[in-house]
Structure formats: structure tokens, C-alpha cells
Number of protein chains: 4
Amino acid sequence: MSKKQDIMTATLDLIHEEGLQSVTFSKLFKRANVGSGTIYNYFTNKEDLVNEVYRDSRLKMGEFLIQGYDPNASLYERFKCLQMNRLKFGMHFPKNFLFIDSYSFSPYISPELRNQDDDYHSSKIIQDLIVDGQRQGIIKEMDSHLCHQLIHGIISSILKGYFVNKYPLNELQIQQIIEASWKAILI
Amino acid sequence: MSKKQDIMTATLDLIHEEGLQSVTFSKLFKRANVGSGTIYNYFTNKEDLVNEVYRDSRLKMGEFLIQGYDPNASLYERFKCLQMNRLKFGMHFPKNFLFIDSYSFSPYISPELRNQDDDYHSSKIIQDLIVDGQRQGIIKEMDSHLCHQLIHGIISSILKGYFVNKYPLNELQIQQIIEASWKAILI
Amino acid sequence: MSKKQDIMTATLDLIHEEGLQSVTFSKLFKRANVGSGTIYNYFTNKEDLVNEVYRDSRLKMGEFLIQGYDPNASLYERFKCLQMNRLKFGMHFPKNFLFIDSYSFSPYISPELRNQDDDYHSSKIIQDLIVDGQRQGIIKEMDSHLCHQLIHGIISSILKGYFVNKYPLNELQIQQIIEASWKAILI
Amino acid sequence: MSKKQDIMTATLDLIHEEGLQSVTFSKLFKRANVGSGTIYNYFTNKEDLVNEVYRDSRLKMGEFLIQGYDPNASLYERFKCLQMNRLKFGMHFPKNFLFIDSYSFSPYISPELRNQDDDYHSSKIIQDLIVDGQRQGIIKEMDSHLCHQLIHGIISSILKGYFVNKYPLNELQIQQIIEASWKAILI
DNA sequence: AATGAATGAGACTTCATTCAT
DNA sequence: TATGAATGAAGTCTCATTCAT
């Protein structure tokens with residue numbers, strides 16, 4: 001399992017550093033310290049490798065997003081937990097986050113993979129939360145997907161600015177972002 | 001000038017359809033109906049071509065963003081104008097918008113180009129607006145770049161959901177988005 | 001057309017010298033004096049190239065086989081002409097002959113190609129000749145395809161022995177072979 | 001001994017099905033149900049394996065060809081026996097026959113092997129038979145190798161037509177072939 | 001300015017072979 | 001003996017770029 005992990009790690013690193021299009025096999029072999037044929041013991045081809053790295057990242061994110069989620073907590077507490085998790089995931093795993101964000105709609109990622117439901121669970125939870133909030137008259141009436149995209153998008157966007165050092169993300173800023181995203185969708 | 005435009009248009013089309021990484025020159029020649037050597041009369045190489053398409057798109061967006069902007073209008077009116085323009089630009093010119101959004105941080109785009117100020121004017125206007133609002137006690141105190149990224153990010157994110165048909169964007173939804181982004185940054 | 005011919009000639013030469021399986025592109029490029037990409041201006045891939053060389057050889061042989069054939073000559077004269085032509089073709093164009101003989105049933109040659117009728121004409125003529133001879137009571141009654149294969153096979157076999165210098169093929173021997181193949185099928 | 005036989009059988013099968021050039025070790029391992037390293041316990045490399053399969057086939061054929069040969073029988077009886085045996089060998093062991101026929105002149109088969117005398121005995125017998133027949137004034141005077149090649153070639157050619165279902169080979173046809181090959185070389 | 005045949009560096013991939021278990 | 005993960009040389013093929021027309 002070690003070699004396979006080495007290859008996948010090297011792949012994600014290279015994608016992060018130079019972009020998917022410049023990940024060549026020779027770079028990959030050197031980085032992962034494996035022979036050129038070794039990849040083909042684990043992956044049928046380059047596309048398969050990239051897809052597996054993608055699947056892996058999605059899985060990792062899916063698990064992270066619902067960490068510590070308490071279905072019985074207050075609406076705001078639940079909202080805060082989900083937004084916080086997404087933000088923290090991005091901050092702790094920038095390579096995974098950016099890879100997912102950038103390539104989710106790239107032709108390199110097979111359509112089936114794009115629509116996998118590894119992280120469906122967290123997605124479902126957010127949708128439920130929105131609908132619940134609207135029923136309670138707390139969250140503004142609007143298309144729940146639009147609402148979902150809105151709060152999700154705020155986090156993604158903020159993270160991308162953070163990665164290029166536009167601003168720090170300390171407790172204060174994090175608080176402000178959570179609050180802003182909450183206010184955005186209130187009635 | 002016609003051939004040059006043909007090539008640039010074909011480039012943007014292909015990037016939109018298949019992604020930058022799969023834009024090959026042979027596809028480009030066929031699409032643009034030019035001979036393979038013709039490109040080199042206008043662009044020094046592939047990178048130069050892509051950069052010029054990028055510069056062109058940024059320029060186009062920069063002009064669009066400040067359409068109808070009235071510096072003497074109320075804070076909210078000015079905010080609404082800028083957000084609306086960004087949203088309309090994305091809706092009218094999805095290819096340009098997505099290209100800018102996706103490749104602004106790609107290694108394909110030269111760093112100098114990324115930091116060009118073709119659209120600096122609109123950027124400056126937004127920053128000023130934020131600072132002005134904060135001084136007036138209307139907009140919440142926070143890093144102005146963070147604030148900028150926040151309202152910009154909402155639009156970008158919403159557009160991407162729209163492009164993959166997650167929801168429609170009619171007057172109602174547009175109204176809700178502008179309102180949400182406004183409430184997000186209020187005190 | 002010159003480059004294409006160069007490549008095809010080099011291909012046939014290499015197949016003759018080292019066998020199809022050891023015809024690599026790098027050997028081919030050096031032999032044909034072309035750049036490695038040039039092949040792909042004329043052939044879609046290696047299989048296509050080999051198939052075209054095969055088609056070319058079959059065409060060449062098909063034309064050669066019916067040279068000087070006089071439908072009004074006597075049965076024996078016609079028989080002699082066809083057998084002679086086949087023998088002469090093999091002696092003059094050993095590369096083409098051996099390539100056809102060896103690879104007609106190789107998986108490298110596409111089935112459609114194998115069953116092409118470029119040389120159908122000569123094949124038809126031989127069949128007709130056999131049937132005619134049988135009707136005249138000169139040629140022994142037997143399956144005409146079996147008879148065809150018999151006289152064809154004698155020539156092929158003799159040529160292969162000749163190519164590895166088992167014996168010379170002068171006028172005397174040629175006479176003996178024609179005679180032997182004629183006697184073989186007489187009543 | 002079982003593993004070795006498994007490997008050799010799988011090799012001959014694959015050669016028959018797909019041609020020597022497309023017999024790869026990975027196909028071989030799967031077909032023979034052995035690990036990839038196992039081959040190297042029995043054969044030094046791929047060429048050695050193929051040569052051994054070739055040697056094996058030649059040996060098998062050599063023994064088959066002289067089955068029931070009676071040196072004291074009449075000239076025609078001896079001729080018939082040898083031709084019959086060759087025909088029967090091809091019909092009973094098409095894989096071995098075709099492998100020998102196709103690759104006897106392939107560079108894959110080492111020259112020493114090609115000239116081995118495993119089947120020299122039968123070859124010698126045929127030569128002797130020809131010379132004997134010529135001395136008796138029954139067989140036409142001609143180069144004995146040419147004569148040998150002629151009668152051998154008729155059988156080979158007929159078999160190849162049979163393998164691709166050009167015609168059946170029943171008692172009648174077999175009789176006709178033996179007769180034809182006999183008449184071909186008579187005075 | 002416009003062309004496209006020719007190029008060759010370098011991409012992806014295969015496959016015989018090795019070696020630690 | 002038997003195995004199969006690992007290897008890397010060598011194969012096929014792509015594609016940005018050049019240059020003679």
C-alpha cells in the first residue's frame with residue numbers, strides 16, 4: 001500500500017504546485033521515487049490515477065465536513081458547525097480543497113465521479129438544515145440549492161483569497177465570515 | 001485583424017468546451033479555419049495566445065463592471081450596481097467569466113498578467129465603496145479585502161451553480177442574491 | 001508522395017530483413033530518413049502503415065499475375081502463363097511475395113484487407129481455367145479450390161526453397177516445375 | 001514437470017490464436033496459471049521458451065512422419081506413407097504444424113535450431129526415396145531438393161487451405177492429393 | 001500574410017526481467 | 001519451487017513549432 005500512497009501523494013503535490021496539465025509521468029516518478037512501470041500496477045492509466053486522487057480527496061472532505069455535527073443542536077449551532085468545518089478543511093488541507101474546487105468540472109474528472117455521493121451525506125445535511133430553517137421562519141425563502149451554493153461559495157471564495165495571502169484568517173476573521181454567511185440568508 | 005480574432009474566438013470556445021489542457025493547436029486550426037503556421041504571425045507561442053485571450057477577457061469584464069456606475073448615488077445603489085454588473089457579465093459572457101475564474105490562478109497565466117490592472121479601476125471602486133460604508137457605520141468593520149472577496153465570491157459561486165443548471169436566475173433570484181450579499185456585510 | 005513512398009519502401013525492407021515484429025519506429029525513421037512524426041501525416045498508426053504496404057503488395061502482385069494472359073490460348077498455354085507469372089513475380093519481387101505469403105493470415109492484417117479482391121481477377125481466371133479444363137476432360141475432377149490451392153502451393157513452396165538457396169531456378173528447373181504442376185492435376 | 005508443460009502448452013495455444021508477436025508474458029502467465037517469475041525456473045528467457053516449443057513441435061512431427069514406414073515396401077507405398085503421415089500430422093496437430101510452417105524462417109527461431117536434425121531422419125528417408133525412384137527410372141530426373149520441396153509444399157499448401165475451410169479433407173480428397181503429388185514427380 | 005508538410009522532444013505506456021519473500 | 005511487486009529500457013504516438021513555398 002505504501003507505493004500506491006506515495007504515488008497518490010506525489011500526484012496531489014504536483015497538481016498543487018504546477019497544475020494538472022503539467023503533471024507528467026517523469027516528474028511523478030522522481031517525486032514518488034518509483035519506477036516508471038510501477039504506476040501501472042495500481043492504476044490503469046493517468047486518468048485513472050487522477051480520478052482516484054480526486055475520489056480520495058472527496059472522501060476525506062466528506063468525512064471532515066460532518067465532524068462533531070449534532071443534529072439536536074440549535075439551527076445556528078448546526079449551521080456554524082458545518083461552515084466552520086468547511087473552512088477548517090480548506091485551511092488544513094489546502095491541496096485537497098483546491099484540487100476539488102478546481103477540477104470538479106474539468107473534463108479530466110469523469111462525470112460519474114463528479115456525481116459520486118461520497119460527500120452526499122454532508123450535502124444532504126445542509127439541504128435539510130436550510131429547509132428546516134425556512135420552515136421555522138428563520139432562513140429566508142429561496143431555492144434551497146441557491147441558498148446552499150451561496151453559503152458554500154462564501155467559504156470557497158474566502159479560502160482562495162486566504163491562500164494567496166490577501167488577508168489572515170484568525171479567530172476574529174473566522175467569526176466574521178461565519179456571521180456574514182449567516183446573516184446573508186436570514187429572513 | 002480578422003484571422004487574429006478568429007483564432008482568439010476559437011481558443012476561448014475550445015477552452016470553454018474542453019478545458020485549457022486539451023486545447024491543442026490542431027484542434028485550434030480546424031476550429032478557426034486557419035493554417036497551422038498562421039498563429040505564429042500573431043502570437044509568439046501558445047502561452048502568448050492564451051495570455052492574450054485572458055487579457056482580452058479581463059479587459060472586457062473590467063469595462064462591463066463599471067457600466068452605469070454613478071459615484072453620487074447612495075451607498076446601496078452603488079453596491080447594487082456593481083454586484084448586478086458582475087452577475088450580468090457572468091450571465092452574458094459565461095465563457096469569458098469562467099475562463100477568468102478558473103485560470104486566474106493557473107500557472108498558464110503569467111503572474112504579471114494576473115496582477116495587471118486592466119480591471120483595477122473597478123476593483124478600486126469596490127474597495128472605496130467598502131471603506132466608505134464602514135466610515136458611515138453601515139458596513140461592518142472588517143478587512144476590506146476580506147469583505148471584497150466575500151461579496152465577489154457570492155456572485156462567482158452563484159454563477160457557477162447557475163451554469164450547471166442547479167437553479168434558474170430570474171429577477172426574483174437576482175434580487176435575493178443582491179440582498180443576501182448586502183445583508184452579509186451590514187453592521 | 002516521395003516521403004510516403006520512402007516510408008513504405010523502408011517498411012517492406014525492414015519486414016523482409018527482420019520480420020514484422022521487430023519493425024520499430026526508430027528503425028523505420030532512420031531507414032526512411034524522415035522525422036518520427038512524419039509517418040503520422042500519411043498513416044494513422046503502425047497497423048495502418050503495415051496494412052497499406054500489404055494492400056500495395058497485393059495490388060502489385062494482382063497486376064503481375066495476369067500479364068500477357070491470352071484467354072484464347074490453349075488450356076496448357078494459359079495454365080503455363082499463370083504459373084509462370086506467379087513464379088516470376090516471386091523471383092523478381094521476393095519482399096512483396098514473402099510479405100504476402102507470411103502475413104496474409106497474421107492478426108496484423110485486418111480481415112477486410114485479407115479478403116479484398118484486388119487480386120480477385122487473377123483468382124477468378126484460375127478458377128475458370130480449372131473448371132474449363134475439367135469440362136474438357138483434361139483436368140481431373142476435384143474440388144476446384146483444392147485444385148487451385150494445389151498448383152498455387154507448388155509455386156509458393158518452390159519459391160521459399162529457392163530463397164534459402166536450396167537450389168537454383170534456371171530455365172530447366174522452371175520448366176520442370178511448370179510441368180510437374182501440370183501433370184499433378186491432369187486426368 | 002507439470003508447470004513447465006503448462007507453460008509450453010499455453011505458449012503454443014497463444015501463438016496459434018494471436019500470432020507470435022502478440023504473445024506477451026502477462027498473457028502467458030494468466031493462461032498457464034503460473035506466477036510471472038515461474039517461467040525463469042524453466043527457461044532463461046522468452047526466446048528460449050519459444051525455441052523449446054519449436055524444438056518440441058519438430059520432434060513430435062519428426063516421429064509422426066515415419067510412423068509405419070516400411071523400408072521394404074514398394075516405392076509408391078513408401079511415398080504414400082510419408083505423404084499421408086505429413087497430411088495426417090497437420091490435420092491432427094494443426095497448432096504444431098502451423099507453428100513450424102510459419103516460424104521456421106522467422107528470426108525468432110535461432111538458426112541452429114532451424115537446422116537441427118530432430119526430423120532429419122524423415123528428411124533423409126524422403127531424399128533417399130527420391131534418389132531411389134530416379135535410379136529406378138520412375139521419378140523424373142531433377143534436383144532432389146527441388147523434388148522434395150515440391151511434394152512437401154503440396155501437402156503444406158493443401159493443409160493451409162483446409163485450415164481456413166476452403167474445402168473438406170475426406171478420404172476422397174486425401175486420395176486425390178496423394179495421387180496428384182505422385183503424378184507430379186513421375187517421369 | 002498564409003500555408004501545411006516536416007520535424008523531434010517528450011509524453012504515455014508496455015513488457016521482459018529481477019529479486020525479496 | 002513458486003510468486004508477483006517493482007523496475008526501466010524501449011516502444012508508440014502527440015503536438016508545438018519551423019520553414020520553404
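Owing to the predicted nature of the structure, the values given are computational and were not obtained by experimental measurement. Below, chains carry the letters A, B, ... as their sequence lines are ordered, and counting in each starts from 1.
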TODO: Output yes when D:E17 and D:K27 qualify as a salt bridge under the 4.0 Å nitrogen-oxygen rule, no when they do not.
DONE: no
Open item on the list: Just to be sure I understand the rule, does C:F29 reach a base, reach only the sugar-phosphate, or reach nothing, if contact means heavy atoms closer than 4.0 Å?
Closed with: nothing
Open item on the list: Taking the six-membered ring for Trp, are B:F89 and B:F93 closer than 6.0 Å centroid to centroid?
Closed with: yes
- [ ] Give a yes/no on whether any side-chain N or O of C:Y42 is located under 4.0 angstrom from OP1 or OP2 of E:dA5.
- [x] no
Open item on the list: Can you measure D:K46 atom NZ to E:dT17 atom C1' for me and round it to whole angstrom units?
Closed with: 12 Å
Open item on the list: For F:dG11 and C:K27 - does any side-chain N or O of the residue sit under 4.0 Å from the phosphate oxygens OP1/OP2?
Closed with: no
Open item on the list: E:dA11, OP1 or OP2 - any side-chain N/O from A:S26 closer than 4.0 Å?
Closed with: yes
TODO: Kindly say if A:K3 contacts the phosphate of F:dT7, meaning a side-chain N or O under 4.0 Å from OP1 or OP2.
DONE: yes
Task: Touch class at under 4.0 angstrom, heavy-atom based, for A:T24 against every strand present - done: sugar-phosphate
Task: Distance, rounded to the nearest Å, where D:L14 contributes CG and E:dA16 contributes P - done: 12 Å
- [ ] Send over the distance from C:N41 CG to E:dT3 C1', rounded to a whole Å.
- [x] 14 Å
Task: 5' precedence on DNA chain F between B:E47 and A:G35 (nearest-nucleotide basis) - done: A:G35
- [ ] Name all residues meeting the ring pair (Phe, Tyr, Trp, His ring centres under 6.0 Å) criterion together with A:Y103; count only those two or more places apart in sequence or in a different chain, and write none if there are none.
- [x] A:F99
Open item on the list: Counting the atoms with a prime plus P, OP1 and OP2 as sugar-phosphate, which does A:T38 contact under 4.0 Å by heavy atoms, base, sugar-phosphate, or nothing?
Closed with: base
Task: Whole angstrom value for the distance that separates C1' of E:dA1 from CD of B:Q5 - done: 17 Å
Open item on the list: Nearest whole Å is fine: how far is E:dC15 P from C:Q21 CD?
Closed with: 14 Å
Open item on the list: If the test is side-chain contact (heavy atoms from CB on, under 4.5 Å), which one of D:D6, D:L49, D:V34 qualifies with D:L28?
Closed with: D:L49
Open item on the list: Is the shortest side-chain heavy-atom distance between A:N96 and A:M61 below 4.5 Å?
Closed with: no
TODO: Between D:G37 and B:G37, name the one whose nearest nucleotide on DNA chain E is closer to the 5' end.
DONE: B:G37
- [ ] Please confirm whether the backbone N or O of C:V23 pairs with a side-chain atom of C:K46, one donor and one acceptor, at under 3.5 Å?
- [x] yes
Open item on the list: So for C:S36 and E:dA9, does any side-chain atom that can act as donor or acceptor lie under 3.5 Å from a complementary atom in the base?
Closed with: yes
Task: Electrostatic pair D:E52-D:K4, nearest N-O below 4.0 angstrom - done: yes
TODO: Check the distance between F:dT7's C1' and D:Y40's OH and give it to me in whole angstrom.
DONE: 12 Å
Task: All stems with DNA chain F, defined as three or more consecutive Watson-Crick or G-U pairs under 3.5 Å - done: E:2-21 with F:2-21
Task: Most 5' of B:F25 and C:N45 on DNA chain F, judged by nearest nucleotide - done: C:N45
Open item on the list: In this structure, how many angstroms lie between the P atom of F:dA5 and the CD1 atom of A:I7, rounded?
Closed with: 13 Å
Open item on the list: Between C1' on F:dA5 and CG on A:N33, what's the gap in Å once rounded to a whole number?
Closed with: 16 Å
Open item on the list: Give me the atom names and distance for the closest heavy-atom approach of A:Q21 to A:E18.
Closed with: NE2-O, 4.3 Å
- [ ] Ignoring backbone atoms, test whether D:K4 places a side-chain nitrogen or oxygen under 4.0 Å from the OP1 or OP2 oxygen of F:dT1.
- [x] no
